[in-house]
Protein chains: 2
Amino acid sequence: MKKVKQKDLSLPRPRDRGATERSILEAAKLVLAEEGFQSFGINAIARRAQCDKQLIYRYFAGLEGLVEASGIELASKLTHDLHQISAAHRPDSYGALMKVLLLGLLDLLRGDKIMQQTIAWELAAPSPLLSRLIAARSQALSTWMHHMRGDLTPPPGADAPAINAALIAAAQHLVLSASASGAFAGMMIKTEADWRRVRDTLATLVDGAYGTRPS
Amino acid sequence: MKKVKQKDLSLPRPRDRGATERSILEAAKLVLAEEGFQSFGINAIARRAQCDKQLIYRYFAGLEGLVEASGIELASKLTHDLHQISAAHRPDSYGALMKVLLLGLLDLLRGDKIMQQTIAWELAAPSPLLSRLIAARSQALSTWMHHMRGDLTPPPGADAPAINAALIAAAQHLVLSASASGAFAGMMIKTEADWRRVRDTLATLVDGAYGTRPS
DNA sequence: CATACATATCACCGGCTGGTGACAAATAGG
DNA sequence: CCTATTTGTCACCAGCCGGTGATATGTATG
């Protein structure tokens with residue numbers, strides 16, 4: 001069965017600029033989440049949105065502007081999600097605080113394909129276009145940490161920023177690798193039980209680094 | 001100044017199949033290391049090798065075979081480098097052993113653009129073509145760890161495989177991020193001093209996880 | 001109604017990609 | 001010397017990409 005030329009049965013788009021812009025933004029997110037940053041381009045987004053790519057140029061001044069517009073939305077979503085996490089916890093030590101942050105971030109990242117793709121994108125192809133996205137994200141993250149810290153201070157002698165960076169790096173890499181291949185360094189990361197193991201391990205690392213008792 | 005059609009001054013390749021194959025393999029490595037996996041394709045490699053892409057099809061049966069041929073070479077190099085590392089150390093505890101392994105792997109990865117690109121590639125675009133490369137690498141790594149372990153055993157109650165996976169994940173992610181943007185989570189990773197800080201941090205995490213005294 | 005504008009679509013361009021068949025030239029074997 | 005094989009080059013294909021100018025069509029305004 002060869003594919004035969006087929007008349008375009010789709011009706012023309014309703015002439016509603018606002019709706020079109022929204023559908024383009026939605027399509028951009030879908031493409032990034034489901035097809036990866038490698039497929040993230042004008043043509044792919046236009047196909048998803050079922051509109052002409054010309055409209056992307058007109059309404060967003062190209063990919064650049066589209067990414068920027070999406071970026072704002074995503075940053076606000078991130079801060080909201082982070083707030084959600086921190087609302088339910090009252091840690092009583094710096095280590096306990098970091099444990100909450102790290103595991104919360106892990107779960108957040110796990111469910112957010114877009115953020116995963118953004119991180120992978122930045123690792124693979126650093127570009128000025130992305131640096132702003134990344135900056136916005138880490139900005140939201142750091143203000144969140146600062147706001148939540150309260151009067152808790154890290155143990156003296158500990159290089160807390162570096163330790164936290166390494167822990168977050170571990171979490172991010174495990175999520176990305178799990179998403180890509182379902183495993184890392186011989187350890188399967190697929191089932192909920194696997195993820196509990198990961199969480200326990202990260203908690204252990206936090207406890208070890210900050211001298212807290214296991215909770 | 002428009003670029004003008006220019007006669008090809010290059011002499012034809014010497015008719016030496018072995019040399020041609022070597023130069024193609026070399027070109028493949030260069031493209032991957034310097035231009036990234038996104039540019040890793042038949043045309044780019046042929047350009048680098050200054051030969052016709054047809055030869056890649058003839059001698060390696062396409063990209064697939066070329067990757068495979070390179071993969072073998074890289075795996076043997078990895079095992080050699082790992083041996084190099086372990087030769088000079090006689091750790092007296094499991095924690096000390098892991099510290100050596102982790103920091104050795106960090107430095108190894110730091111100087112190996114090809115391995116960095118391979119890892120990023122796998123994170124971004126999982127494909128059966130790459131899974132074999134990855135499998136070969138983790139195989140070499142695990143046999144190395146097994147061979148080097150000796151009679152040292154992890155502390156009871158510790159989930160050593162998971163802890164090691166998390167630590168390696170942290171190291172890999174920090175290297176990739178440093179290579180891509182020179183920073184991670186607000187921490188600069190550029191100078192040698194920065195890298196010493198990273199090493200110290202990873203060592204601290206190992207000590208904390210395995211209850212060893214800081215060395 | 002007629003005109004002007006906003007919206008959407010189409011057709012095309014140059015450039016790059018992977019892939020292939022035809023051809024030229026050097027070499028080896030009889 | 002003539003031939004067959006190997007080695008290398010070239011020309012071309014279809015397909016996708018980003019980007020743009022021209023065009024149709026709906027909608028609001030005078």
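A note on names: the letters A, B, ... follow the listed sequences, proteins ahead of strands, and every chain is numbered from 1. Keep in mind that what you see is a predicted model, and the values were worked out from it rather than measured. Hydrogens, waters and symmetry mates are skipped; everything else that's a heavy atom, side chains included, is used.
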Asker: Give the rounded distance in Å between these two atoms: CD1 of A:I56 and P of D:dC17.
Answerer: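 Computing the A:I56:CD1 to D:dC17:P distance gives 12 Å.
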
Asker: Check the distance between D:dT6's C1' and B:E21's CD and give it to me in whole angstrom.
Answerer: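 After rounding, the reported distance stands at 13 Å.
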
Asker: If we count only N and O atoms by modelled type, under 3.5 Å, do the side chains of B:T191 and B:R196 hold a donor and an acceptor together?
Answerer: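 Judged by distance alone, the side chains do not pair up.
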
Asker: Give the nucleotide from the list C:dC10, C:dG19, D:dC10 with an atom nearest to the side chain of A:Q54.
Answerer: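 Side chain of A:Q54 sits closest to C:dC10.
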
Asker: A:H173 and A:F184: which non-hydrogen atoms are nearest, and at how many Å?
Answerer: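 The answer is CD2-CE1, 3.5 Å.
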
Asker: From C-beta outward on A:Y57, which listed nucleotide comes closest to its side chain: D:dT9, D:dG18, C:dT7?
Answerer: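 Of the options given, the side chain of A:Y57 lies nearest D:dG18.
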
Asker: If you compare all heavy atoms of A:L176 against all heavy atoms of A:Q116, which two are closest, and at what distance to 0.1 Å?
Answerer: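 Result for this residue pair: CD2-O, 3.6 Å.
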
Asker: Quickly work out the A:F60 CZ to C:dT7 P distance and round it to whole Å.
Answerer: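 My rounded result for the distance is 13 Å.
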
Asker: Please tell me whether A:N164 and A:Y210 have a donor and an acceptor in their side chains that are separated by less than 3.5 angstrom.
Answerer: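 Present: a donor and an acceptor within the cut-off.
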
Asker: Rounding to an integer number of Å, can you tell me how far A:Y59 OH sits from C:dA6 P?
Answerer: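 Distance check: A:Y59 OH to C:dA6 P gives 10 Å.
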
Asker: Across the strands shown, which category fits A:R15 at heavy-atom distances under 4.0 angstrom: base, sugar-phosphate, nothing?
Answerer: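 Answer is base: heavy atoms of A:R15 come under 4.0 Å of a base.
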
Asker: Return whichever of B:K53 or A:T20 has its heavy-atom-nearest nucleotide of DNA chain C closer to the 5' end.
Answerer: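 That would be A:T20.
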
Asker: Among D:dT9, C:dT9, D:dG8, find the nucleotide with the atom closest to the side chain of A:L55.
Answerer: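 Given the options D:dT9, C:dT9, D:dG8, the side chain of A:L55 is closest to C:dT9.
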
Asker: To the nearest Å, give me how far apart CD (A:Q38) and P (D:dC16) are.
Answerer: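 So the two atoms are 17 Å apart, to the nearest Å.
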
Asker: Quick check: closest heavy atoms across B:G41 and B:L63, and the distance to 0.1 Å?
Answerer: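 In this case the closest contact between B:G41 and B:L63 is CA-CD1, 4.1 Å.
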
Asker: So, does A:N43 get its side chain near the phosphate of D:dG18, meaning an N or O under 4.0 Å from OP1 or OP2?
Answerer: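 Yes, within the criterion.
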
Asker: Using heavy atoms to find the nearest nucleotide of DNA chain D for A:R47 and B:R13 separately, return the residue whose nucleotide is more 5′.
Answerer: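 Whichever sits nearer the 5' end wins; that is B:R13.
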
Asker: Give one of base, sugar-phosphate or nothing for A:I42, where a contact means two heavy atoms less than 4.0 Å apart.
Answerer: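 Sugar-phosphate contact only.
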
Asker: What integer distance in Å separates B:R58:CZ from C:dG19:P?
Answerer: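 Distance check: B:R58 CZ to C:dG19 P gives 16 Å.
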
Asker: Give the rounded distance in Å between these two atoms: CG of B:D52 and C1' of C:dA25.
Answerer: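 Spelled out: CG on B:D52 to C1' on C:dA25 is 15 Å.
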
Asker: Rounded off to whole Å, could you give me the CG-to-P distance for the B:D16 and D:dG8 pair?
Answerer: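 Going from CG in B:D16 over to P in D:dG8 covers 7 Å.
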
Asker: Heavy atoms only, 4.0 Å cut-off, all strands: where does A:R17 land among base, sugar-phosphate and nothing?
Answerer: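 Sugar-phosphate, no base atom in range.
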
Asker: Both B:F40 and A:P14 contact DNA chain C. Which one's nearest nucleotide lies toward the 5' end?
Answerer: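 Its nearest nucleotide being more 5', the pick is A:P14.
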
